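Every chain is numbered from 1 and lettered A, B, ... according to where its sequence line falls, protein lines coming before strand lines. Treat the numbers as computed from the prediction; the structure is a model and nothing was measured.
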There are 2 protein chains.
Amino acid sequence: MSVIFSKKCEYGLQAILYLASRNEKEYFSAREIARDLKIPKEFISKILQSLVNFGIVGSKKGKNGGFYLAKNPNKIRLIDVVEAIDGLDAFTTCILGFPDCSSDVPCPVHSEWGKLRTMAFDMLSSETIDQFTEKTLRKLNQL
Amino acid sequence: MSVIFSKKCEYGLQAILYLASRNEKEYFSAREIARDLKIPKEFISKILQSLVNFGIVGSKKGKNGGFYLAKNPNKIRLIDVVEAIDGLDAFTTCILGFPDCSSDVPCPVHSEWGKLRTMAFDMLSSETIDQFTEKTLRKLNQL
DNA sequence: ATTAAATCAGACAAAAATATCTTATTATAT
DNA sequence: ATATAATAAGATATTTTTGTCTGATTTAAT
């Protein structure tokens, strides 16, 4: 299957957008995030833990604890989340998997795809989470 | 890991480009394709078989047999190969995996990413294999 | 005719991604 | 103090993807 983000990364982005779009509480537990986004609880829990290690998300243990954004949403870029979860290999390695593809000895589709990939990277790099919070809220209300 | 094409699809595209760029023989065996492209023989064999079923590649059994392009390279679009191997789901399903994402109830990044994905789709749809044969030949000579 | 070399089909194996379970630790509410 | 509910960490299980093996059939060269 062709795919752009791994499931982990999809879920991570969803969770980040979820956290950013709700400010009625300080902490959101993995349980409620999982319920609302229909993601396995233990899985999203693991993903959030790794985002905690990257400093994007914060957590509080114990009863009534949970997760929260550790940074201002206007300081979190989509690419940061992608990098934390999936890494940036997809933006640097050869799109066709030719082992020795480089700018010097490019694979046949190198330059064409390079453009597209650069666009994707730039888009992810320029767009911050806060730009999507309204839209996310609207979306969550529909679920 | 974020990724655009599956390994199968990468290998399939590589093999198609390989076939299109060489015309010194009529048939190329899975063995030599695998050797030159450094792909496991049985794996590329399976992939080529599925491309045969889609009518993109033809095959001849028996000694000195092998695979060949069943169509003129200027009639084979990159998207055809992708579709045959990975399907087109990546171009239609929600990029963030929101289960109920649609144009009516779009996910937060729907329209932004929609543009990019449409571009990718258009690029793959407009580009045919013959446009890359020279480049592929150059690439293969370097291996 | 026989042998060698190829595709084809299907079963099997290994690795990676996704998902679940279990236990420990922490913090709040009662 | 105790019970409850949360994160954290690590082991385990399942599923999907990737890769391998075996045998059948086909074709050409010898």
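- A ring pair (Phe, Tyr, Trp, His ring centres under 6.0 Å) check over residues 51-76 of chain B, counting only residues at least two apart or in different chains, returns the pairs B:Tyr27-B:Tyr68.
- Summarising the geometry, the separation between CD1 on B:Ile4 and P on D:dT17 is reported as 17 Å, rounded to the nearest angstrom.
- Across all strands, B:Gly65 comes closer than 4.0 Å only to sugar-phosphate atoms, never to a base (heavy-atom distances).
- Taking atom CD of residue A:Gln14 and atom P of nucleotide C:dT18, one finds them 13 Å apart after rounding to whole Å.
- Ion pairing of B:Glu32 with B:Lys25 is present here, as a side-chain N (NZ or NE/NH1/NH2) and a carboxylate O approach within less than 4.0 Å.
- Residue A:Ser59 places at least one side-chain N or O closer than 4.0 Å to OP1 or OP2 of D:dA8.
- Remark: the A:Gln131 side chain and the A:Thr128 side chain contain an N/O donor-acceptor pair separated by less than 3.5 Å.
- Between the C1' atom of C:dT7 and the CZ atom of B:Phe28 lies a distance of 17 Å, rounded to the nearest Å.
- For the pair B:Ile85 CD1 and D:dT17 C1', the interatomic distance rounds to 14 Å; values are reported in whole Å.
- Remark: A:Lys46, A:Gln49 in residues 39-56 of chain A come within less than 4.0 Å of DNA chain D through at least one heavy atom.
- One finds a side-chain N or O of A:Tyr11 lying less than 4.0 angstrom from the OP1 or OP2 phosphate oxygen of C:dA19.
- Between B:Arg35 atom CZ and C:dA5 atom P there is a gap of 14 Å when expressed in whole angstrom units.
- Within the 4.0 Å cut-off from OP1 or OP2 of C:dA5, not a single side-chain nitrogen or oxygen of B:Arg31 is found.
- The side chain of A:Lys61 approaches C:dT25 more closely than any other nucleotide in the set C:dT25, C:dC8, C:dA4.
- Note on B:Phe67: only backbone sugar-phosphate atoms sit closer than 4.0 angstrom, heavy atoms only; bases stay farther off.
- You'll find the side chain of A:Leu88 reaches within 4.5 Å of the side chain of A:Ile79, heavy atoms only.
- Summary of the strand contacts: B:Lys63 and A:Lys8 both lie near DNA chain C, and taking for each the nucleotide with the nearest heavy atom, the more 5' one is attributed to B:Lys63.
- With contacts defined as side-chain heavy-atom distances shorter than 4.5 Å, the pair B:Leu37/B:Ile44 does not qualify.
- Across the protein-nucleic acid pair, A:Tyr68 atom OH and C:dA27 atom P stand 12 Å apart, rounded to whole Å.
- Contact annotation: the side chain of B:Leu78 approaches that of B:Ile129 to within less than 4.5 Å [non-hydrogen atoms, C-beta and beyond].
- Counting to the nearest Å, the P atom of D:dA5 and the CD atom of A:Glu32 are 13 Å from each other.
- B:Tyr27 has its OH atom 11 Å from the C1' atom of D:dT27, to the nearest Å.
- Taking side-chain N and O atoms only, B:Ser29 has no distance below 4.0 Å to OP1 or OP2 of C:dA5.
- Once rounded to the nearest 0.5 Å, the distance linking CD of B:Glu10 with CG of B:Asp86 reads 9.5 Å.
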